[in-house]
Amino acid sequence: SNMAATGNAEETQLQEMEEEAGMEREMDSDEEEGMGIENSDDEEDDSSEDDKENEAEIQRLEEQLSINAFDYNCHVDLIKLLRQEGELPPLRKARQKMSELFPLTEEIWLDWLKDEIRLTEEEQNREKVYELFEIAVKDYICPEIWLEYAQYSIGGMGLPGGMEKVRSIFERALTAVGLHMTKGATLWEAYREFENVILATVQPPPGSVPTCEQQELLNAQLERIHTLFCRQLAIPLMDMEGTYAEYEEWSDQGVSDTVSQKYKRALQQMEKSKLYEETLMAAEPPKLAEYQTYIDYEQKEGDPARIQIIFERALAENCLVPDMWAKYTKYLDRQLKIRDLVLSSHDRAVRNCPWTMGLWKNYLLALERHGADHHTISDVFEKALNAGFIQATDYVNIWEAYLDYLRRRVDFSKESSRELEELRWTCGLESGDPSCTIMQVWAKIEALHCKNIQKARELWDSIMTKGNAKFANMWLEYYNLERSYGDALHCRKALHRAVQCTSDYPEHVCEVLLTFERVEGSLEDWDAAVQKTETRLNRVNEQRAKVAEKEAHLVRQEEEKTEQRRRAKADKKNQKKGQKGSRPGEKRKAEDEDNENEWGEESEQPPKRHRGEGNQGSFRGGGAEEFMETESGLFGRRAPPCRRQEPPGAKRGQQMAPATVRKTQEDNPEQRKDDCSVFISNLAFSMEDPEKRLKELFEPCGPVQSVRPVYAAKGFRGYCYVQFEGKTSVPEALKMDRREVDGRPMFVSPCVDKNKNPDFKVFKYNTNLEKHKIFISGLPFSCTKEQLEELCKDQGTIKDIRLVTNRSGKPKGLAYVEFEDEAQASQAVLKLDGTVLQEHTLSVAISNPPRRNAANKPDFSRPMGAMMPQAMVYGSRGKGRTQLSLIPRSLHRQTGSESKAENGTAPKPTGGASGDAGFEAQAKPMSNSDFAKMLLRK
C-alpha cells in the first residue's frame, strides 16, 4: 500500500513538472515578443543615450580585443554589455571566442547555458545545447553545471533513446562529482527523484492486477532505486544520516547488513574528513593552504578517486596557481596513468597557466608517454612558443624538451631517415640561443649517434664564430667532444686555438694544453706548447698591467681633483676669517683647524655613497703600507701621527676633559681585525656621544672590543667602525642593517679588504625576478608595516615586509612583501592590484628589480632588442602581472649571474662543476676545480 501511495504521488508530481515546463515555454515566448516590441519602440525613438553609450563601449572593447585577444577582463566586460543589449548572435560569438582562449568560470557557463536553453524551442536544436554542455563540463569540476545538464536532458526524455541519455548523463555526473563531500548529495538525490518519477509511470492503477510484464518493469525500477540508495550510502557525504533514515522509510524489507556495514564505514570516513570540510567552509578564498592540507590527508588515505576530486575542487578555486596544476598532473602521470584523464588535465593546466614553461614541458612528455601522434605533439609545441613565458631561458628549455622528443623518434641504426632529417632541420631553425646550448646538443648527437664528427666540428666552428671564442669553458667543451669522438690531432688544434683566443681564463686553457702534451705529445709538441703558452701569457700580463696603470692613473686624477676642491674650500674659509678679523692668539688656532681638516677630515671623509649602493671607494698606494678597504673605503691610507680632536659641540678655548678626547686614527692597522668588525654609516651627524650609543646598540650581538667613530673639525660625520671580540658577533650585527636610529635607517655592512676580495658586493637585495615576493607602489607615505601586514595577511603567510625609504629615512611609497611561496604571491597580485588604501590606488606586481652594477660578463654580439617584438599586454587575470613577455623563437640573453640574496647579504660566488657550456657556465667565473672536472670528463 505504501508503494502504491508513493506511485500516485510521483505521478501527480510528474504531471506538475510537465505543466511547469509548459508554463516556462509560454513565458519565454511572451518575453521574446516583449523584446521585439521594445526593440521596435527603441528604433522609432532612434535609441536612447544609454544605448549609444553601450554601443560605443562595445565597439571600443571589440577594437581592444582585436589588438590583444588575451585580455581576459575585456572579454568579460564585452559579454556583460552584449547580454544587457539582448543581441544573441554577437553575444554567442563573443562567448565562443572567449571559450577558445580561456576556460570559463562556473558563473559564465551557467549564464550562457541558460540563455541558449531559453532561446532553443525546436527539438532538433537540442543537440547544439548538448554540445555546449559537453564543453562546459570539461573546464572545471562544477556540480551545478552537471545538475543543469541532467535536468535539461529530462526535457528530451520523450525522444528516441531519451531515457537512456538521461541515465547516462546522471551516471557521468556521479562519476565526476558524486564524491563531492558537500555538493555530491544533490546529484544523488536528483537521480533518485528522476527514478521515482519513472516508478510512478510503471505502477498499475490502484485495484488492478499487474501483468507479468508490468510486474517485471516494476521490480526492475524498484531495484534501480534500491541500488542508488546503496551506492550513495557507501560514499562519505555530509548529512548522510538523513539519507539513511530516508532509505529505512522507503524500503519495505528494511536495511540489509551489507548496506548497513558499508554505511557505517562511510560514516566513519565522513567524520574524519568533516574537520577538513569545516576548515574549508570557515576559510576565506582562495583557501590554498587549507586545500593543500586536505590533499595531503587524502593522499595518505590513498583512494585515487577521492584524491582526484579534492584536487579538482582546489583547482576550481585556484585555477591560476601553476604549482597546484603541476602537483595534480604529476599525481596523474605517476599514479593513475589513465590516458584521457592525464592528457585532458595537462591541456587544462596549460590553458589556465600558459605562461608556465614547466606545465608545457610536462604536457609534451605526457603526450609522448601515451603515444600521441607527431602532428599533435608539434601543435602543442608551437602553442607553447607563443604562450608568453616569464624568462628567456624558458624558451631554451622548451626547445630542448621538443628536440629530446625528436631525437627519441630517430632510429640511428639507419644512415638516413625522415625523422633524422626533421631533427636536423629543427635544430637548425633555432637561431636565437646566444649560448648555443641547442647547437652543442646537436653536435653531440652527430658525433655520438650519427658517427659524423665532421658535422660536429662544423657546428662548433659556427658556435665559435657567434662570439663564444673568447670563453674558456666553450673551448674546453669542444676539446672534450674531440677527446671522446675525435683524435689527438684535432684535440691539439682545438687547444692551440683556445690559447690564442681565450680572454677570460687564459691560464686555465694553457694549463690544459700543457697537461695534454705531457701525456700524449712528443718533445717537439711540448716545446711548441710551452713557447705558445709563454708568449700568450706574457701578452696577457702586459695587457693587464696597462689596464691596471690606466685605472691607477684615473684614481690619481680623482684624488688630485679632490685635493684641489679641499684646498679651494680651505682658502675660501680663510678669506672669510680674514675679512672678519682676528683677535691675538686666534691665528694659531685657525692654522691648527686647517691642519685638522687636512689630516683628520679629508683622510677619513668617505666618498659619496650612491643611493641604494654600498660605498665602494678605492685607495691605492705603494710601499709597505697596509690597506684595508671597507664599504666606504675608509682607512685606505696610513694616517699621519695622531692628534687630538675636539668632541662635537666643543667651543674653542674650552678646557677639554680627558674622557671626551677622541683618537680616530690612533689604532694601528695591525690591531684592527676586519673579520671581527662591521662598518656603520648613514647615522645622524647630531648623534650625541656616538661611541657610547653604538656600544649600547651592538652589545646584544656580542662583546664589543672598540667603537671608532669618524670625526672631522665640524664634529661627528655619521660613520663608525664597531669591532667585536669574536667573529661570531658579526653575523648578528649584520642583521641590524636598516634598523631605524634617530629617524634614519642605519646601514651595517661587513669590513672587507677589497684587495683580497675585489668581487665583494654590498648591495644586499636581490636584483632578479623573485616569484615569491611582490612589489607594491603608490602607497601613502604614512603607511606602516602593521597596516601593510593587515592588508596582505589574508593572501598567505608573510615572511617579511620591507618599506623602501631614502637615506634620511623618509618613505618613498614603495614596499616589498615576501610570501612563503610563489602561489601565495601570485594570488596576492590578483587580489591586491588596483585596491585603494587611504585614497591611494596601489599597483602590485611580482618583484623584478632592475639589475644593479652588472659584473663584467661576456658581452654578446647580437642585440637583444632585435630579437624582442613588442610584448603583448595581458589582462589582470594573471599573465600581465607575472612579468610575462611574448617572445617567439628568438631568445633573451641574461648577462648577469642570478643573485641568491633574499633580503640578506648576497653570498660570494662559488665554483661549481660546469662541464656543460650553457647559460650557467657563462653566468659565473669558474674555479680551478671546475676546469679540472671539465678536463677529466670523458
Side-chain angles (χ1 to χ4, degrees), residues 54 57-84 90-113 115 132 135-136 138-142 145 285-286 288 314-325 347-357 359-360 383-390 771 774 795 822-835 841-846 870-887:
N54 286 349
E57 181 65 11
I58 289 171
Q59 186 176 357
R60 186 190 69 79
L61 292 171
E62 288 175 343
E63 290 175 357
Q64 188 171 337
L65 287 174
S66 67
I67 298 171
N68 176 21
F70 289 92
D71 191 333
Y72 184 87
N73 291 332
C74 192
H75 281 285
V76 174
D77 295 340
L78 178 61
I79 290 171
K80 185 177 179 181
L81 278 175
L82 289 173
R83 195 162 188 252
Q84 290 177 0
L91 175 60
R92 183 181 288 147
K93 186 177 179 182
R95 283 168 166 165
Q96 288 172 346
K97 280 187 177 180
M98 185 178 182
S99 178
E100 290 170 3
L101 295 172
F102 300 104
L104 305 186
T105 62
E106 185 179 61
E107 294 77 14
I108 295 176
W109 270 121
L110 287 173
D111 288 341
W112 188 358
L113 291 166
D115 288 346
L132 199 59
I135 300 171
K138 291 178 181 177
D139 278 352
Y140 302 110
I141 178 173
C142 299
I145 292 179
L288 195 60
L315 288 166
E317 293 191 52
N318 298 277
C319 58
L320 299 180
V321 180
D323 284 349
M324 186 64 74
W325 283 107
D347 182 65
R348 291 162 57 213
V350 297
R351 284 189 51 166
N352 280 277
C353 305
W355 61 88
T356 308
M357 183 279 301
L359 296 178
W360 287 100
K383 290 178 182 177
L385 290 179
N386 296 304
F389 294 142
I390 297 174
K771 299 181 183 179
I774 63 173
Q795 314 308 324
E822 173 188 350
Q824 295 178 359
S826 300
Q827 192 64 42
V829 170
L830 295 176
K831 294 291 183 182
L832 299 179
D833 184 45
T835 57
T841 302
L842 307 184
S843 295
V844 185
I846 294 296
Q870 184 177 3
M872 293 187 69
V873 181
Y874 298 99
S876 61
R877 188 168 188 264
K879 301 185 76 171
R881 289 296 174 186
T882 46
Q883 305 295 337
L884 310 181
S885 60
L886 182 62
I887 311 175

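Everything numeric in this text was worked out from a predicted model, so none of it was measured.
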Interatomic distance, Glu62 atom CD to Ile67 atom CD1 [nearest 0.5 angstrom]: 12.5 Å

Separation between CD (Glu317) and CE (Met324), nearest 0.5 Å, reads 10.5 Å

When every non-hydrogen atom of Cys319 is compared with those of Cys353, the smallest separation belongs to O-SG, 3.6 Å

Set of ring pair (Phe, Tyr, Trp, His ring centres under 6.0 Å) partners for Trp325, sequence neighbours left out: none

Do any N or O atoms from the side chain of Trp360 and from the backbone of Val350 form a donor-acceptor pair under 3.5 angstrom? no

Does Asn318 reach the side chain of Gln827, with side-chain heavy atoms less than 4.5 Å apart? yes

With heavy-atom distances below 4.5 Å as the criterion, would you say the side chains of Met357 and Ile390 are in contact? no

If the threshold is 4.0 Å, N to carboxylate O, is there a salt bridge linking Arg83 and Asp115? yes

Could you go through Phe102 and Ile108, starting from their C-alpha distance and side-chain angles, then the distance that decides it, and tell me whether this counts as side chain to side chain contact (heavy atoms under 4.5 Å, CB included)? CA-CA 12 Å; Phe102 300 104; Ile108 295 176; over 6 Å; no

Between Ala828 and Ile774, which heavy-atom pair has the shortest distance, and what is it? CB-CD1, 4.1 Å

Distance in Å, Asp139 CG paired with Leu104 CG, rounded so as to fall on 0.5 Å steps: 5.5 Å

Please report the interatomic distance CD(Gln795) to CD(Gln824), rounded to the nearest 0.5 Å. 9.5 Å

Do Cys142 and Glu106 touch side chain to side chain, with heavy atoms closer than 4.5 Å? yes

Do Gln96 and Arg92 have side-chain atoms, one donor and one acceptor, less than 3.5 Å apart? no

Decide side chain to side chain contact (heavy atoms under 4.5 Å, CB included) for Trp112 and Ile79; before the verdict, give the C-alpha distance in whole Å, the side-chain angles of both, and the deciding distance to 0.1 Å. CA-CA 10 Å; Trp112 188 358; Ile79 290 171; over 6 Å; no

So does Arg348 get a backbone contact from the side chain of Asn352, meaning a donor-acceptor N/O pair under 3.5 Å? yes

Given the rule in the side chain to side chain contact (heavy atoms under 4.5 Å, CB included) test, do Ile145 and Leu110 qualify, once you have shown the distances and angles that lead to the verdict? CA-CA 7 Å; Ile145 292 179; Leu110 287 173; 3.9 Å; yes

Got Ile135 and Ser99 here, is their nearest side-chain heavy-atom distance under 4.5 Å? yes

Between Trp355 and Phe389 the two heavy atoms that sit nearest each other are O-CD2, 3.5 Å

Which atoms form the tightest heavy-atom contact between Leu82 and Ala94, and what is the distance? CD1-CB, 3.8 Å

Answer yes or no: is there a donor N or O on one side and an acceptor on the other, between the side chain of His75 and the main chain of Ala69, under 3.5 Å? yes

How many angstroms lie between atom NZ of Lys80 and atom CG of Leu61, to the nearest 0.5 angstrom? 11.5 Å

Please find the pair of heavy atoms, one from Lys771 and one from Ala825, that lie closest to each other, and give the distance. O-CB, 3.2 Å

Apply side chain to side chain donor-acceptor pair (under 3.5 Å) to the pair Tyr72 and Asp77, showing each step before the final yes or no. CA-CA 9 Å; Tyr72 184 87; Asp77 295 340; over 6 Å; no

Run Ile846 and Glu822 through side chain to side chain contact (heavy atoms under 4.5 Å, CB included) and show every step you take. CA-CA 9 Å; Ile846 294 296; Glu822 173 188 350; over 6 Å; no

Would you say the side-chain atoms of Asp833 pair up with the backbone N or O of Val844, donor to acceptor, closer than 3.5 Å? yes

State, to 0.1 Å, how close Leu78 and Ile58 come at their nearest heavy-atom pair, and which atoms those are. CD1-CG2, 3.8 Å

Salt bridge Lys97-Glu100, side-chain N to carboxylate O under 4.0 Å: no

